[in-house]
Engineer: 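Below is a structure I'd like to ask you about.
We use all heavy atoms of the structure for the numbers below, so side chains are in, but hydrogens, waters and symmetry mates are not.
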Amino acid sequence: MFGNLFEEDGEEGFSSTPSEGRLSKGGEEPPPVRGRSNLCGIKNQGGTCYLNSLLQTLLFTPEFREELFSLGPEELGWLEDKDKPGAKVRVIPLELQRLFARLLLVDQQSASTADLTDSFGWNSSEGTNQHDVQELNRILFSALEHSLVGTTGSTFIHRLYHGTIVNSIDCKECGNVSQRQEDFLDLTVCVCGMSSLEEALWTMFVEEELFEGNNLYRCAQCDRLVTAAKSAKLKKLPPFMTMSLLRFSFDYAKFERYKETGRYTFPLTINLRPFCEQADGDDCEYTYDLFSVIIHKGGCYGGHYHVYIRDIDHLGQWEPPEEDCKPKTQRKVKEEVKEVCEPKLQEDDPLSVLTAIISQDPSKSVLMDQLGQKLMDKIGSSWNKKFRKHYGPIGKFLQSHNDVFMLVSNGTRVGLKTNLPSPVTEPPGPAEQITYSDPPTASDQGAAEQKQRPAQRTEPETEGNHWFDLNDSTVTSIQESDIEKQFQGKESAYMLFYRKTQLHRPNEALNNAQYKVPSHLIQMALEENIKLQQIREKFEATSNTVELHLHLAPCYKLENGALQSSNKEHSESTTLTFDRRKTVGDLRLAIYQMQEFWEGDMALTVARSLPAGLHLYNTLTDDSVSLYSAGICTNSGLFVWNGREVCGSAILTGAEWEPVLLTVVRPFLGEDVEKGMGDGVDCEQGSGDFHDGGLGLKKEARGFAGGVTLGEVKEALGEPQESLLCQEHKGVKRGGQGAGEGGGASGWRVFPPDDMQRTLKELSLKDGDALLVLEPQSFDSSVFTLNGDVVTVTTPSDCRWLQVEFRPDQRPDGEEEEGRRKIKVPATGSMLLCEVKQRAIEELQLQKCPPGAQYCLRQVDCTGKLLPPVCEELSLRDAGVRLMTTLSLCLGNAPKASQLFLHFSVGTAPSAGLETDIIVEETCTVKECLKAMLDAAGLEGSCWHLRRLDWCEDVGEPLMDEDASLSELKISSGETLVVTEGQVPPKGFLKLSMWLHLDPKHTETDFNHTNNGHTEEQMPEVLTAVKKHSYSPPLCDRSMVDLRSIGPVEISDEATLEDLKTQVLTLPALQNVCIPTTAFMRVWQMEGKKLARILRGQQQTLRKLKLTSGTELCVQQLFKDEDLGPKEVLLNVKMGIPGERCYYPPEEMVWDATRDSSPRSLRTCLAAYYGLSPDSLLLAKHQPDKHMWEEISNWSQHVSKKKKKRRTESLLGAPFHLKDGDTIGIKNLLIDNNRDFFTLEDEQGQQRLREQAEKDRKSEEAAGSEGPGLQKKPGSTKPRKPEVGLSISVGEFR
């Protein structure tokens, strides 16, 4: 069910997505066309393979399909009316009709079941849950029967699948027979202890069960216990017989479930006459033919389903497997030639093995998800077991050998560069040979397939039944004999579907996918095919564009074995967009045209940025080869140089010379700290204090070519010959027991003299590895100890301490707050935290405090915020407290191991340090926790509930289950809960706070009539009341505007944005506002009391807009209708007044960034808006919080070297992140020479910020302490999901 869940080894690093190798500007890749079978598969939503297999079976049951299609909209309704109140729309059969129509008529490789599962009432997580297909078969039929109540199709399930069993008990004393009938839609047959389906049916319907001995039967006529015989017979046979095999059993000895994998045969044709009560009819009435087998692969706790189906109506293009369609003599000759001509395979060489696998495939390519299985079949071992340790994942191995392998067929197959695959399975003959110098397009492949298919249809079709294997999205032809392979094993038959032999199909139904499909569904499929074709054509036009990064040789120099940028402040690469179907010569010519001053030869070499710097690999020498064939993909780096040297230095290219960035570690004296720091060297202290003169280590990152020897590295470091080079010993763990408890030690292995002649690659040194350089006199210190070839660096024992900082936020005796005090407490890893606290209290002399004062120890995070108190019953090691760190001693109680330390506030999300702390048992319920918090806050009443904080520290979702314990809800120490007034809102409903945007320019003229009946004399009083609930933040650098609270709105999360606007207009504050339609209203989402984004899409649901309870929204009246697209950005643009440091009033402008979001696109849009030339405009984005302007430069303009930030192409991304409401300043350079965007207001704003920062700094110094901060929620491990029952929600249609 989850792909290769039960495969022995998975292949990592391999992606079948075809996005690699090109720059996809056309959005997502369109769905591929149908395969050679001309049948459509079904996409797996993550765990819906059981559903896919059953749906394909029902689709290929023509009688079921036609009965479903016979129900028209007059009986089922229209899907467009399903949200209308009072409309009875039978959604499940309608969605099933649409799915069947798409599977039959839409030209795509696989169809989606998302709409169908939505009609079932399933949520997104239901698509990943595994379920039983036998259970689904019964539940789906029941849902269809309930959905079709009152229609002409209400009984078609009963007509097709309903049968009857009669159970009889025959009294051996009086001969009385007691009978009871039992209905069935499918027969459940036993597998355990049976060898075949016939044997199981014989046991069920022929053999009798005797009631004798201690197991007697009470006869109603004899009125006593008697000997009797029980039997069962089939009384009524349905047209379609479904057999569910009981593969799963329970072992009562081991108390575990298991799967029956023994051999269990079933016939292709079965006669049920021996098992029927009435057996006097013709054989055709009792004979059934097998037409579908649902197969389960895996075990009883999970697996994967797929289905074998007989194509009754010949809707697919069946092709015999390749080896089966060749004559036996031809196969024998081919095998003999293969044995003679094929060289002996080198099984230890992965390059040789993979090359042989691909070259021996008839199509000269292999599907990427089948490459691992073919490798196992070839050498008898998986990639992970054989090669992964030395060569890494198979995907990375193929990518690193891009001179041999290449991705073809939109990235789904891998082939050899010398043998590009043909788009058909069989390689074409000499007369039909197709050469692909460029990547084959979808139209080329379709033309090739259409060219070959008529030739195939002229041949006589293979006799016999046409069977297909439908495995989610994949459909392949199989032989009828392949069914026998599913008799036994972990992959075996699970459900069997038979149809009566006397059921015949009309001739007009054969090879006719539109047979009895309603006309409106045919039209729907036609429109979808036209749309798909347009999307494919658009995608094909953009999918062959790649983005290359050009590195110019004059901007680089050779340093530490790699190429380094001459200017460290910014990157020297230039981005070039190019068509990958063009040749290397075309690329070279384009670069010549870009670099007008280039002289001499030009070599293009593939380059890659490594931690040590830029490194060169293979040079593109053949100008006639396309970039696609040369293996150039998007984001590839190309180094442009003369092919010989860079700045007078010869360059070594190739993978064997890849530079390695090593960390060189040297000992240093304590007095060298300042010098080491000044040189930019990272120093690591090895002792407690520098002033003691103890030894330490200093680190320095150095790069070396991978092909140099270790001796050359020592020479490059300037070390004498007697110096030792050591590598960190992996077997010794830092902080181990070698240094004694509380200390730490690290081990280093000395390189032997023979290793001095070995290269860094041969020594397997990689980026980040540490290299310790020691001189002989270093061992005079106790820090370094040489034992054989192992050097031990011991951390001195004076690091066995903890620093405790006393934070007297409020003294218990009411005295004024004292300054913070710090002490060192001797400690070890096994020491209890309660002992640390007691020693700290004694040394700080806090025993004099009044009795009853409680203290606790709290850790501090990297931002200086206090974390929850640590449990004092634990040791330092168990509590995760490291030595040589700081703990804060604060007032308060410490929680026990079974308790939680929580923060809470009342009403709103708390600010830092303003929440209240409480300690509760982790087993207490939400109701008990709420009561404790209300008691602590001094609140009364029962109209309160608890809410969590969301990821952005705002009030989030409520805790719905008040009887659940805190541990069940995964609430951990340090979390913050909000006590909110009101009852718990119903599930699925949102409570939104609404605000009204009042523009000062239009308040008087537009909103004076919204006074709710107040007279003009009363208006000042009303406005005064309004000001109590309003504030005036800067709106995206506009002039000051008022935001007035207009009340809350409660609405379903399934409601649309248009519904929300309509409901907002019913609020009392807006009852008299005249708005023609909801399109004249703009809705903003607020974040941090600021307008953040505009909600788009009138028909988008609030759930899809990601709105949650507590979200604040602001409505704004417009003077013209507005319907913004997903990437249309509303900007405030203002033109600078020439010669002055101010701007004309801002204007709103909509910028369409759908196709192009670059600075050039925005510049062109503004030029068209103002009627100016794009080259004369200078743009900048205003940052109102910082009162700064950030200039937007174009790629063709000169970029100052002082600017460290690299300008990206998209303005929607970093560093600009343009969004709704941003202000863009414009300078017309034709009439304005002032390039400075700053105004007097900006300077005043920056001065206020500096004054506020200075004021805050002084207040912090005066206070000497800060309130405890909020703790971030610790990560928790997600538990395994429990098994859940399967259900389908059906409306009421009676």
Side-chain angles (χ1 to χ4, degrees), residues 37-42 50 52-68 100 103-104 133-134 136-137 140-141 156-157 159-163 185-187 189 197-198 201 237-245 264-272 283-296 305-318 461-471 475-487 492-507 509-513 515-516:
S37 65
N38 199 33
L39 295 179
C40 182
I42 301 179
Y50 66 100
N52 298 348
S53 301
L54 182 60
L55 291 176
Q56 292 284 18
T57 299
L58 298 179
L59 174 70
F60 283 90
T61 307
E63 291 76 9
F64 179 93
R65 182 179 71 228
E66 292 165 6
E67 288 279 359
L68 185 66
F100 281 5
L103 292 172
L104 290 171
V133 69
Q134 298 174 2
L136 174 68
N137 183 55
L140 180 59
F141 279 0
F156 89 88
I157 297 288
R159 293 197 308 270
L160 295 180
Y161 295 95
H162 179 264
L185 292 178
D186 65 295
L187 287 180
V189 294
L197 177 63
E198 295 94 328
L201 293 176
L237 295 178
F240 296 91
M241 183 69 73
T242 303
M243 307 284 187
S244 298
L245 308 184
Y264 187 87
T265 63
F266 47 88
L268 298 177
T269 301
I270 189 171
N271 192 322
L272 298 181
D283 273 350
C284 62
E285 298 180 10
Y286 305 98
T287 306
Y288 286 80
D289 293 331
L290 183 70
F291 75 97
S292 176
V293 181
I294 293 183
I295 300 159
H296 181 264
Y305 289 100
H306 62 107
V307 60
Y308 287 175
I309 290 181
R310 178 160 62 94
D311 186 10
I312 299 171
D313 284 350
H314 299 276
L315 301 178
Q317 183 67 34
W318 188 85
E461 288 193 359
T462 307
E463 296 182 359
N465 296 321
H466 295 172
W467 285 82
F468 292 92
D469 178 13
L470 291 97
N471 191 346
V475 183
T476 54
S477 303
I478 62 170
Q479 293 283 10
E480 195 173 60
S481 58
D482 292 335
I483 300 176
E484 299 179 3
K485 301 177 182 178
Q486 308 304 326
F487 286 166
S492 51
Y494 191 59
M495 285 189 76
L496 308 176
F497 296 84
Y498 287 89
R499 57 183 286 123
K500 278 193 174 182
T501 308
Q502 62 183 6
L503 295 176
H504 299 290
R505 299 294 296 153
N507 292 331
L510 302 180
N511 295 306
N512 184 7
Y515 182 69
K516 290 195 176 181

Engineer: Which residues pass the side chain to side chain contact (heavy atoms under 4.5 Å, CB included) test with T265, sequence neighbours left out?
Structural biologist: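 Expected list: S196, R263, F487.
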
Engineer: Provide the closest heavy-atom pair for H306 versus L470 in the form atom of the first, atom of the second, distance.
Structural biologist: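 Taking H306 first and L470 second, the nearest heavy atoms are CB-O, 3.7 Å.
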
Engineer: Write down the atom of Q56, the atom of I42, and the distance for their closest heavy-atom approach.
Structural biologist: NE2-CG1, 3.5 Å

Engineer: Taking the side chain as every heavy atom from C-beta outward, state whether Y50 and H296 have any pair of such atoms under 4.5 Å apart.
Structural biologist: no

Engineer: First locate atom CE of M241, then atom NZ of K500, and finally report the distance between them rounded to the nearest 0.5 Å.
Structural biologist: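 One gets 8.5 Å once the value is rounded to the nearest 0.5 Å.
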
Engineer: Can you list the residues that meet the side chain to side chain contact (heavy atoms under 4.5 Å, CB included) rule with L268, with sequence neighbours excluded?
Structural biologist: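 Scan of L268 (side chain to side chain contact (heavy atoms under 4.5 Å, CB included), adjacent residues dropped) gives L290, E480, I483.
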
Engineer: Can a donor-acceptor pair be found, under 3.5 Å and without considering hydrogens, that links the side chain of W467 to the backbone of F291?
Structural biologist: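 Answer holds: no.
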
Engineer: Going by heavy atoms in the side chains, are L201 and M243 under 4.5 Å from each other?
Structural biologist: yes

Engineer: If I compare all heavy atoms of P62 with all of I312, which pair ends up nearest, and what's the gap?
Structural biologist: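 Minimum heavy-atom separation between P62 and I312: CD-CD1, 4.1 Å.
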
Engineer: Kindly state whether the ring of F64 and the ring of F156 have centres lying under 6.0 angstrom apart.
Structural biologist: yes

Engineer: Excluding sequence neighbours, so at least two apart, what forms side chain to side chain contact (heavy atoms under 4.5 Å, CB included) with P267?
Structural biologist: L197, E198, I270, Y498

Engineer: Between the side chain of Q502 and the main-chain N/O of P239, is any donor-acceptor distance below 3.5 Å?
Structural biologist: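 No: the side chain of Q502 does not pair with the backbone of P239.
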
Engineer: State, yes or no, whether a side-chain contact exists between D469 and I295 at a heavy-atom distance under 4.5 Å.
Structural biologist: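 Not in contact.
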
Engineer: Starting at NE2 of H466, measure out to CG of L39 and round the result to the nearest 0.5 Å.
Structural biologist: 11.5 Å

Engineer: Any side-chain heavy atom of I478 sitting closer than 4.5 Å to one from Y308?
Structural biologist: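 Side chain of I478 against side chain of Y308, heavy atoms only: contact under 4.5 Å found.
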
Engineer: Quick check: closest heavy atoms across P238 and G163, and the distance to 0.1 Å?
Structural biologist: CD-CA, 4.0 Å

Engineer: Do the ring planes of Y161 and F141 sit parallel (below 30°), tilted (30 to 60°) or perpendicular (above 60°)?
Structural biologist: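 The rings of Y161 and F141 sit tilted, inter-plane angle from 30° to 60°.
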
Engineer: Give, for atom CZ of R505 and atom NE2 of H314, the distance between the pair rounded to the nearest 0.5 Å.
Structural biologist: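 Rounded to the nearest 0.5 Å, the CZ-NE2 separation comes to 11.0 Å.
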
Engineer: Under the side chain to side chain contact (heavy atoms under 4.5 Å, CB included) criterion, do L54 and F497 qualify, and how do the steps go?
Structural biologist: CA-CA 10 Å; L54 182 60; F497 296 84; 4.2 Å; yes

Engineer: Check for a donor-acceptor pair, side chain of R65 on one end and backbone N or O of L59 on the other, with a separation under 3.5 Å.
Structural biologist: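 Answer holds: yes.
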
Engineer: So, do L58 and F100 sit near enough that their side-chain heavy atoms are less than 4.5 Å apart?
Structural biologist: yes

Engineer: Can you find a side-chain donor-acceptor pair between T501 and T287 that sits under 3.5 Å?
Structural biologist: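 T287 and T501 do not have a side-chain donor-acceptor pair below 3.5 Å.
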
Engineer: Could you tell me whether the side chain of Y264 reaches within less than 4.5 Å of the side chain of V189, counting heavy atoms only?
Structural biologist: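 Side-chain contact under 4.5 Å: yes.
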
Engineer: Would a 4.5 Å heavy-atom cut-off, applied to side chains only, mark H162 and L185 as touching?
Structural biologist: yes

Engineer: To the nearest 0.5 Å, what is the distance between CD1 (I294) and CG (L496)?
Structural biologist: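 Reported to 0.5 Å precision, the distance equals 9.5 Å.
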
Engineer: Work out which heavy atom in V293 is nearest to a heavy atom in A493; give both atom names and the distance.
Structural biologist: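 Of all heavy-atom pairs spanning V293 and A493, the closest is CG1-CB, 3.6 Å.
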
Engineer: Give me the atom names and distance for the closest heavy-atom approach of S292 to I309.
Structural biologist: OG-CG1, 3.8 Å

Engineer: State the CG-CD distance between D311 and Q317, to the nearest 0.5 angstrom.
Structural biologist: 10.5 Å

Engineer: Find the distance between CG (L503) and OH (Y288) and round it off to the nearest 0.5 Å.
Structural biologist: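 Interatomic distance, L503 CG to Y288 OH, rounded to 0.5 Å: 8.5 Å.
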
Engineer: Working note: T57 + M495, criterion side chain to side chain contact (heavy atoms under 4.5 Å, CB included); need CA distance, chi angles, decisive distance, verdict.
Structural biologist: CA-CA 11 Å; T57 299; M495 285 189 76; over 6 Å; no

Engineer: For the side chain of Q486 and the backbone of Y494, is there at least one donor-acceptor N/O pair under 3.5 Å apart?
Structural biologist: no

Engineer: Hey, does F468 have a side-chain heavy atom less than 4.5 Å from the side chain of S37?
Structural biologist: yes

Engineer: Take E63 and F240, measure what side chain to side chain contact (heavy atoms under 4.5 Å, CB included) needs, and give me the verdict at the end.
Structural biologist: CA-CA 10 Å; E63 291 76 9; F240 296 91; 3.1 Å; yes

